[in-house]
Every structure is written in C-alpha cells, then in structure tokens.
Amino acid sequence: MLETLHRIIQEVNNANDLVDALNIIVTRLKTQIGADVCSIYLTDSEQREHVLMATDGLRPEAVGKVALPLHRGLVGLVAERAEYINLDDASKHPSYLAISETGETRYHAFLGAPIVHNREVLGILVIRQLISRKYDDEEVTFVLTLAAQLASAINHARASGELGRLHNHGVVTELFLRGNASSSGVAIGTGIVAYQPASLTNVPDRKISDTGTEKQRLKDAIEAVKEELRQFKCKMEGQLPAEDQALFDAWIMMLSEKALLERALFLIEEESNWAPGALRETIEEHARVFDAMDDAYLRERASDVRDLGRRVLLHLQKKSPEPVNYPAETILVGEEVSAMQLAEVPQDRLAGVISARGSSSSHVAILARALGVPAVMGVTDLPVTQLEGRDLIIDGYQGRLYISPQQTVVREYRRLLNEEKALGRELMSLSGLPAETLDHHHVPLYLNTGLLSEMSHFGIKEAEGIGLYRTEFPFMVRDRFPGEDTQYTNYRKVLETFAPRPVVLRTLDIGGDKPLPYFPVSESNPFLGWRGVRISLDHPEIFLTQVRAMLRANSGLGNLHIMMPMVSSVNEVEELTTLIRRAYRELVSEGYAITMPKTGVMIEVPAAVYKSAAIAKRVDFISVGTNDLTQYLLAVDRNNPRVAAIYSDLHPALLQALQQTVQGARQYNCPVGVCGEMAGNPLATPLLLGLGVDSLSMSTGSLLRVKRTIRSLEKAQAENWLENALQMDDAADVSSYMHAVLEQKGLEMLIKPGKR
Ligand code: PEP
Ligand code: MG
C-alpha cells in the first residue's frame, strides 16, 4: 500500500490544478479501496456549507452544485469533530442526512475523513459502499494520509485564489498565506519574481588548450561582479547605515578570497577545464562546506556563495541580466530572495519583500527593516511561479500575503495604509516630548540597535540613550574576528553619537541563533549550548579584546555601560566583572585616561530570575531580555514557526518572572530595564509600567507608539491592570485583556495597522 500511496501523492503533486488533484484522488482512492463511491467536499465557511467538488461514483452533474449545511449530516459531523467517522451503515446514525440529488441514498458503508491544515478543516473526504462493512485500520490510515496530502494542495489553491474561483457560490474573503512577520508595515503593489538567471549546476566540464586566456576570463568576470557589488553599495549609501553596508563588503571579500580564486585557477591549469567548469566546481566545494555546518545562518552563507557564483557565470557567458521593468510599487517575491536581489531594485520602487524561505534574521530581512519596507519571510506553499505581475498585499504586522485580493480587501488595506501614514504624522508630533505618565512618572525610552539598523537620524534624536547595542552584527558580516582597533572605531562612533546619553554595549552574544561563519560551533541543541558569556569565559582573549575596545572608546565620554548576556549563575557575573576590571587596570597601566564604566547583566535565563537579588548586588543595572527569557521559560524555540503561536511574552508566567526580578533588584536599589521585543509592544507597556521597570529599550519604530501609550496612562491604573493580568491563566487571556485596556484608552490603532 505504501508504494501505491507514494504513487498517488506523486500524481497529486504533478497535477495541473486543484480540480485535477481532487479528481486524481477520488479515482485512485476508489480503486485502491475497492469502494463504490469516493467524493470530496470542500468547506466554504463564508457560505457555511460543504460543497461537493469531486466524485467518482455519485452523479457527476452534482459536482459544484450540491452543498451540505456546515454542521449537519455525517459530513458536517466529521468537519465539526475534525475526526474520521467509520460506519458500517450510515443510515442508522442519528446524524444521517439523506441527500437525494447525488444518488447517495443506496449506499451503506461510510468512511469520512477530515482534510485538516493547521487545525482548520478545509474539507471532507468520503468513501461509500453498497454493502454494510467497516473499513479496516489499514484502509483508514490510507485515507487519512491522502486527506493530509490534499490539505496542503487545497491550502495552496486557496492562497493563489484558485479556490475562490472554484466556489461558484460567492466569494471566499480571507485568502492569504502566512509567514514570519519580519519587517512591519503594509504594502500594496505588484509582484516581481526574483529568480536566478544562470544555473551553475548544469555547466559541463569542457577541455581547453589555452589555459592562460581562460584564467584571465575568470579573473575579469570576478572583477566585474565585485564592481557590480560596489555599485550596489554606492546605491544604498545614505539609505543604509554603515554597518549594514558591511554586508556588501563581506560579499566582495568572499569573492576576493585567495582560496576561492586560486582553487579555480588551479582547476583550469591542472585539468585544462574551461572557466565556467572550474567555477562550478570551486563554488560547489565552498558552498558545501557551509551546507554541512547544518545551521541556518551558515546555510545562508552557502546560498550567498552560490549567488555570487551565478553572477560570475553570467559575466563569463557575457550575458547581462535581462533588464527588469520594476513597477512603481514593486513587491519582490521568490523562493529564496537574496539580499543582492533586493539591492537590485531601485529603492524608490521597492514596496515590500516576500520569500518562501528564510527568516527574520536572514540578510534580506535585515535589509528590508533597514530600508523600512514590510517583509514576510518563510511563506510555505508560496506559488512563486504564478506571482509575476499579480496584485499583492503584504501585511508585515501579521505576517500575511494576499494574492490577487478582492476589491474589498484592497480597499481595507488602502484605508489602513492611509491611516498608518496619518498615525505616523500624529505620532511625530510627540517627538521630543517626555515619556511620562499622566501622573508624572518618567520612563526613559532607549534604543535597541546594532544587529538591526535602527540608528536612523530620528532614532538618534528621539531616544534617551541606547539600551541595547548588539555587538554581534559587525562580527557577523566579517570573515574573521574584528581586531581591537576596528572594534574601537565602531564603539567610539556609537558612544560619541549619543554622548552624554547612556549607551549600553552588550558583550558578544554569539551561539544559539547568532553563529559566526568563521567560528563554527556544531551542537545538537545550540540554544542550550555554548553561547553568550559561556563562550566569553572559555575564550577570555576574545572577551578582553572587546572590553578593551569598549573601555578605550569611552575615554573622555563616560557614557559607556557594559552588559553581559546569557548569564545563568552568580559565579559567571563575578568572573566576568573580574575580567572587565583586569582590562581596565591594564589599559590604565598602558597610559589610557579611562574610567571604570557601569556594568550590568541581562536576565534571560530562568535561573537568573531566581538569583536576581544576588546578581543585583554585584552590578550597576539589570536588563531583562524577554525574547530569550520567554523562550526558556515556556520552552518554545523563538525562531520555530511551528510553535510561534505558543510563544508569547504576555504569558502570565513571564509577568511573574519579571515581578520577581524587579523585587530581587529592589533589594539592592539596582535599576531594572527591559530590552526584549516586549519593551516595544504597546500591549505590554501598561504591564511593564505596573511592574515598575525603570526603562524600556526598543527599536526605533516602537519609540513613539510606546511613548504615546505611556502618556495616556496613570501608573496607579497600570498597577491594577498588572494585578489582574497576574491572576490570569494564559497568554491569550492577558492578550485580550490588554487589547480591551488599550481600546478603552483609545489606543487600539497602536497595535494594529489603521484604526479599525
Ligand atoms: C533578548 O533575548 O530579549 C534580547 C534582547 O537579546 P537577543 O534578542 O539579542 O537575544
Ligand atoms: Mg537574548
């Protein structure tokens, strides 16, 4: 049976469209089971009915016409329970509903299986037989497996709009695909598919005699691509902060790598292979090294290498990429959109980005945020080949993509887009005003920067300091550890830009979801492995170099705060502060005029919550990293889309952890800030105020939204809301409660696009 199953699945995958897929299933399934009838009903929740969409055995003229009420009959019961029903005689069941138009009344045996996608019933697969019999286990599992297979085909069709056209009774409104909300905002535009114009994999080996000419050809092609990248970088100047432009330098550096060029030249010389063949082999060898590292970030390096290889090949083939006519509101879509492809779109035409693969930490998502365009990554079932020239809407708040949306949806999003602009103007009027509650309680709002690119002019002007500078990014885009002087220049710029306002530089937090390409760590469970200060303690030379650069950068400024991530024991705090003091003493003895900075610890591991008092005793400040704390407290991988629905920083357990942290810190008058995403979420602002946290650090985009929230509340009220939320059982309850709170304060437009 397994073999038959594979064959049918293959046929379904190769089907031309949904109707074709449904027909394949009903015919093959009927034969395989030896049934008399096999039918598929698709659920139309708008019309509240299940419509017969394919059948082998019932009257063909009933297809598309017969519709069963949503909650009636056996089909309705299968859908309602989302469970299969196996009966030897359907007519004896109390829910049986006789439908004469299909000719189904003659049959006895009944097997109905729900077609479920992401907990939602999309339809029902039904098998009937004249005789009375129960289907055996093997038959049932066969039917259930095919139903599951069908679910993704139906979802695909629903997303591409095909399903809407199939339902001839009216329209299915909510046709959208889901992905990771990777850059917020709304975009309405036209799809342009980003694809790779040259394929390296098909390049054959070819013997040549003039190796000298061939080597020169390759060198010229590589130079041409480097020049292209320099031009992309130039185009982006002024729109991207220097740190993000380092991505382009990293690619140029990859192409300049001696090992890569020498290997390709060697292959031309030794094997008398022509340049494209040598290039293919070299690029594959390089990319495979990254592939084998089995880690999301490094795998992305592999696709960077292949992308660069294809670009060089285009030059070798003397083909210039087809000029693309980018529409005014271009939405770039692709299987795996690369940052290089994004850079090719003229910035004034780029409205948004959609990618089937990748996540919020992909280069392309980082660039999208830096450019302020909405992006949704990791959209499974994205029908890429059908999207060129299609009307698309991106909802970067909720991670949704609408394909050929209906006019009602377009109108709604256009309204939201306009309101978003109006809200932006309204919020701008708060710029420069204090983040103070109605009862005059001031909560400084700081900026999170470094990994992303929130150091816009606005952020620099608006924020009261930097609450979290993630130092990893400059490390990530290079090909080796940056030296003390390189780091010094970088930190000095940040400290100077903000002086005299405080700047919290976090020491290197690599490992987990932030690996370094040149420092591969292979672990089966990286989030519980060698990351953050664990690496710093095992490699004091890396830590000391970084701390020395920070201390030197602080000379004459005095606004530096050093923060240590991923601390799980008091012992680590002591050892790390000893190292910081050592670096300080060494620099003083070398003649540097520096002062000892304030030091702090991130609370992002549950153990640190329980030890917050002991930690507070040893440092000058504490900052809660709610992104990791939520992940560890709820045991939910923060980057795994499958469990994204249960990852919530409004979970009452997290609120309790925060409360305990604040109480611990208060024993030593140690200020507590919050620097995870929660700090920038207006839904959480009243709760954080109620908890009495001393500062909030967030990305630029959240500064005015949170300020607006703070300025609309009283601290005393916030304490009440917190008390109520702490009594609740789960995150969903807290979330609806806080929605109601914000709505009551007239602030609902801060948490959704538009005013609704
Ligand atoms: C956090 O974990 O909340 C945090 C701010 O750090 P990062 O997101 O860089 O891990
Ligand atoms: Mg963290």
Keeping to residues at least two apart or across chains, list the ring-ring contact (aromatic ring centres under 6.0 Å, His included) pairs with something in residues 657-703.
-> none

One should read off an interatomic distance between S702 OG and N448 CG, to the nearest 0.5 angstrom, of 9.0 Å

First locate atom OG1 of T630, then atom CG of L654, and finally report the distance between them rounded to the nearest 0.5 Å.
-> 4.5 Å

Please walk me through it: do E604 and N627 pass side-chain contact (heavy atoms from CB on, under 4.5 Å)?
-> CA-CA 8 Å; E604 37 188 2; N627 305 341; over 6 Å; no

Could you go through the side chain to side chain donor-acceptor pair (under 3.5 Å) check for D439 and T437 one step at a time?
-> CA-CA 5 Å; D439 47 354; T437 57; 2.6 Å; yes

Beyond-backbone contact of I394 with V373, side-chain heavy atoms, under 4.5 angstrom = no

Determine, using ring centers only, whether F481 and H539 are less than 6.0 Å apart.
-> no

With sequence neighbours left out, the residues meeting side chain to side chain donor-acceptor pair (under 3.5 Å) with Q546 are T471, Y491

Given side chains that start at C-beta, do those of M563 and P565 come closer than 4.5 Å, heavy atoms only?
-> no

With rounding to the nearest 0.5 Å, note down the distance linking CG in L683 to NE2 in H739.
-> 4.5 Å

Enter the distance from L445:CG to L703:CG here, rounded to the nearest 0.5 Å.
-> 6.0 Å

To the nearest 0.5 Å, how far apart are CG in L551 and CD1 in I580?
-> 7.5 Å

Does the pair S568 and R534 meet the rule for a side-chain contact (heavy atoms from CB on, under 4.5 Å), with working shown?
-> CA-CA 9 Å; S568 55; R534 300 170 186 181; 3.7 Å; yes

Could you tabulate the donor-acceptor pairs under 3.5 Å formed by side-chain atoms of residues 720-731, not counting sequence neighbours?
residue : atom : partner : partner atom : Å
N724    : ND2  : Y737    : OH           : 2.8
D730    : OD1  : A732    : N            : 3.4
D730    : OD1  : D733    : N            : 3.2

Less than 4.5 Å apart, any side-chain heavy atom of L401 and any of V376?
-> no

Between Y647 and V643, is a side-chain contact (heavy atoms from CB on, under 4.5 Å) present by the stated rule, with each step listed?
-> CA-CA 7 Å; Y647 177 97; V643 287; over 6 Å; no

Taking only residues two or more places apart in sequence, or in another chain, which ones meet Y488 in a side chain to side chain donor-acceptor pair (under 3.5 Å)?
-> none

For side chain to side chain donor-acceptor pair (under 3.5 Å), just list the numbers for E484 and T545, CA-CA rounded to whole Å, side-chain angles, deciding distance to a tenth of an Å, and then say yes or no.
-> CA-CA 6 Å; E484 185 179 313; T545 305; 5.5 Å; no

R178 side-chain N/O to Q398 backbone N/O, donor-acceptor pair under 3.5 Å = no

Under 3.5 Å, is there a donor-acceptor pair between the side chain of E472 and the main chain of D509?
-> yes

With R618 via side chain to side chain donor-acceptor pair (under 3.5 Å) - residues at least two apart = E574

Kindly give the heavy-atom pair with the smallest separation between N559 and N554, and that separation in Å.
-> N-OD1, 3.1 Å

Under the side chain to side chain contact (heavy atoms under 4.5 Å, CB included) test, which residues partner Q663, sequence neighbours left out?
-> Q659

With sequence neighbours excluded, what pairs up with V662 under the side chain to side chain contact (heavy atoms under 4.5 Å, CB included) test?
-> R666, V672, V693

Qualifying residue for side-chain contact (heavy atoms from CB on, under 4.5 Å) with V573, from V533, V567, T599 | V567

Distance col, row M550:CE vs T507:OG1, nearest 0.5 angstrom, shows 6.0 Å

By salt bridge (Lys or Arg N to Asp or Glu O under 4.0 Å), which residues pair with E496, not counting sequence neighbours?
-> R492

Can you name the closest pair of heavy atoms from R638 and F527 and give their distance?
-> CG-CZ, 4.4 Å

Quick one: ring-ring contact (aromatic ring centres under 6.0 Å, His included) pairs with a partner in residues 678-705, sequence neighbours left out?
-> none

Looking at V121 and A82, what are the two nearest heavy atoms and their distance?
-> CG2-CB, 3.9 Å

Heavy atoms of other groups near K715 NZ, more than 12 under 6.0 Å | yes

Note: K707 and L433 closest approach over all heavy atoms is NZ-O, 2.5 Å

All heavy atoms of M377 vs all of R357, minimum pair found to be CE-O, 3.6 Å

Who are the side chain to side chain donor-acceptor pair (under 3.5 Å) partners of S736, not counting sequence neighbours?
-> none

Just by distance, do the side chain of R705 and the backbone of L750 share a donor-acceptor pair under 3.5 Å?
-> yes

Salt bridge (Lys or Arg N to Asp or Glu O under 4.0 Å) filter on R582, not counting sequence neighbours, yields E586

Taking all non-hydrogen atoms of both residues, which atom of R501 and which atom of E464 are closest, and how far apart?
-> CB-O, 3.4 Å

Would you indicate whether the side-chain heavy atoms of L742 and P686 approach each other to under 4.5 Å?
-> yes

Main-chain N/O of T700 paired with E462 side-chain donor or acceptor, under 3.5 Å = no

Do V547 and L579 come within less than 4.5 Å of each other through their side chains, counting heavy atoms only?
-> no

Decide yes or no for M602 and R506: does some side-chain heavy atom of the first lie under 4.5 Å from some side-chain heavy atom of the second?
-> yes

Are L658 and M678 close enough that some pair of their side-chain heavy atoms sits under 4.5 Å apart?
-> yes

side-chain contact (heavy atoms from CB on, under 4.5 Å) between L505 and Q487, intermediate numbers included = CA-CA 12 Å; L505 298 184; Q487 291 190 54; over 6 Å; no

Show the atom names and distances, to 0.1 Å, of all donor-acceptor pairs under 3.5 Å that link a side chain in residues 608-617 to residues at least two apart or in another chain.
residue : atom : partner : partner atom : Å
S612    : OG   : V609    : O            : 3.1

Residue that, paired with H561, satisfies ring pair (Phe, Tyr, Trp, His ring centres under 6.0 Å) out of F498, F621, Y446, Y469 | F621

Answer yes or no: is there a side-chain heavy-atom contact under 4.5 Å between T577 and M564?
-> yes

